[in-house]
Amino acid sequence: MIETVIEQSPLEPLIAIRSQVLRPNQPLSNCYYPEDVFKHTKHFAAFIESKTVGAASIYKEQHPDFALKQSWRVRGMAVLPEFQGKGIGMQLLQTCINHAIDEKADVIWCNARTNAAKFYKKAGFKVVGKEFEIENIGAHYLMAKNLGIHHSESKFIKIAKQIFANHDEEPIPVPQSRNSI
Ligand SMILES: CC(C)(COP(=O)(O)OP(=O)(O)OC[C@H]1O[C@@H](n2cnc3c(N)ncnc32)[C@H](O)[C@@H]1OP(=O)(O)O)[C@@H](O)C(=O)NCCC(=O)NCCS
């Protein structure tokens, strides 16, 4: 694996990555999300020899389907094409997961592009519900990872059932440790 540094970042360096990787045919203004400036938001960048090669942001944001206050959302997950497949995306995602755990999250979720769903599955996210379309981008799944490590086992199971209600897969059976992926 090449030497990559993941650091908290201001928003601006992430915009070029979002634009190139996630919204190449859209105006730059579409790469700014309202949650980017919320109080609890954190942005992370991946650097190789001071070049920004990847980006991810995490928001304290409840999904309407989860009756959980401590919900965090990953968004803007992107690695420049020439640096993909080298473990950088997973380092960024793990950084976001660890941040959510530090903030005592119950759940971390994202709207995952269908062609990136396996990437999130590798980090322990599960698909919740059916595939849906986001205009100008394409097919997505809502995906979520249960982080109920701050609760008793019974509370954890309750949370898992809430998250994965109407879903075929079983809830994750044991609490995840922060280094478990
Ligand atoms: C999705 C993305 C962020 C992953 O970053 P990455 O640096 O390429 O991924 P990694 O190298 O860390 O991959 C980690 C694991 O996930 C797998 N993986 C990564 N992207 C995948 C994909 N699109 N489909 C299936 N598996 C994928 C890798 O094979 C690897 O598995 P392994 O550990 O068994 O080898 C990156 O490929 C990207 O920017 N893609 C285009 C934009 C996008 O789809 N972003 C997600 C928006 S929801």
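Position 1 is the first residue of the sequence, and the numbers go up from there. Counting starts at 1 for both ligands and their atoms, in listed order. Reckoned from all heavy atoms, side chains included, excluding hydrogens, waters and symmetry mates.
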| field | Which of the ligand 1 atoms, numbered from 1, are nearer than 4.0 Å to a heavy atom of Gly89 | value | 5 (O), 6 (P), 7 (O), 12 (O)

| query | Polar-atom distance check: Gly85 versus ligand 1, any N or O pair below 3.5 Å? | reply | yes

| Within the distance-only criterion (no hydrogens, no angle test), does the side chain of Thr95 pair as donor or acceptor with the backbone N or O of Gln91 below 3.5 angstrom? | yes

| task | Keeping the roles fixed (side chain from Arg18, backbone from Cys31), state whether a donor-acceptor pair exists under 3.5 Å. | result | yes

| ligand 1 atoms in contact with Ala112 (distance to a heavy atom under 4.0 Å) | 48 (S)

| message | Looking only at protein heavy atoms, which one is nearest to atom 20 (N) of ligand 1, and what is the separation? | response | Phe119 CB, 3.7 Å

| Given side chains that start at C-beta, do those of Val79 and Val21 come closer than 4.5 Å, heavy atoms only? | no

| Sub-3.5 Å N/O-N/O distance, Met90 and ligand 1 | yes

| query | With a 4.5 Å limit on heavy-atom distance, are the side chains of Tyr120 and Val127 in contact? | reply | no

| query | Does CD in Glu12 sit with more than 12 non-hydrogen atoms of other residues, nucleotides or ligands closer than 6.0 Å? | reply | yes

| Charged N to carboxylate O below 4.0 Å: is that the case for Glu103 and Lys60? | no

| query | Are the charged groups of Lys42 and Asp102 less than 4.0 angstrom apart, N to O? | reply | no

| Which of the listed options, Val21, Asn115, Leu93, holds the heavy atom that is closest to atom 42 (C) of ligand 1? | Val21

| query | Is atom 39 (O) of ligand 1 less than 4.0 angstrom from some protein heavy atom? | reply | yes

| request: For atom 43 (C) of ligand 1, find the nearest protein heavy atom and state the residue, atom name and distance (0.1 Å precision). | output: Leu22 CD2, 3.9 Å

| Among all protein non-hydrogen atoms, which one is nearest to atom 32 (P) of ligand 1, and what is the separation to 0.1 Å? | Lys122 NZ, 3.5 Å

| query | With only distance considered, is Lys86 within less than 3.5 Å of ligand 1 through an N or O on each side? | reply | yes

| query | Relative to ligand 1, is Tyr141 under 4.0 angstrom through side chain, backbone, both or neither, heavy atoms considered? | reply | neither

| request: Give the atoms of ligand 1, by number and element, whose distance to some non-hydrogen atom of Lys118 is under 4.0 Å. | output: 25 (C), 26 (N)

| message | I'd like to know if the side chain of Asp36 and the backbone of Tyr33 have a donor-acceptor N/O pair within less than 3.5 Å. | response | yes

| N/O of Gly87 under 3.5 Å from N/O of ligand 1, yes or no? | yes

| note | Under 4.0 Å from one or more heavy atoms of Ile88, ligand 1 contributes atoms 7 (O), 12 (O)

| query | Out of His140, Arg113, Gln20, Met77, whose heavy atom is nearest to atom 3 (C) of ligand 1? | reply | Met77

| said: Would you say atom 28 (C) of ligand 1 makes contact with the protein, given that contact here means a non-hydrogen protein atom less than 4.0 Å away? | reply: no

| request: Would you check if the side chain of Arg23 reaches a backbone N or O of Asn136 as a donor-acceptor pair within less than 3.5 Å? | output: no

| request: State, yes or no, whether a side-chain contact exists between Ile108 and Ile58 at a heavy-atom distance under 4.5 Å. | output: yes

| said: Test your reading of the structure: does Ala78 have an N or O sitting under 3.5 Å from an N or O of ligand 1? | reply: no

| query | Does an N or O anywhere in Val79 fall below 3.5 Å from an N or O of ligand 1? | reply | yes

| task | Could you tell me whether the side chain of Thr114 and the main chain of Ala139 form a donor-acceptor pair under 3.5 Å? | result | yes

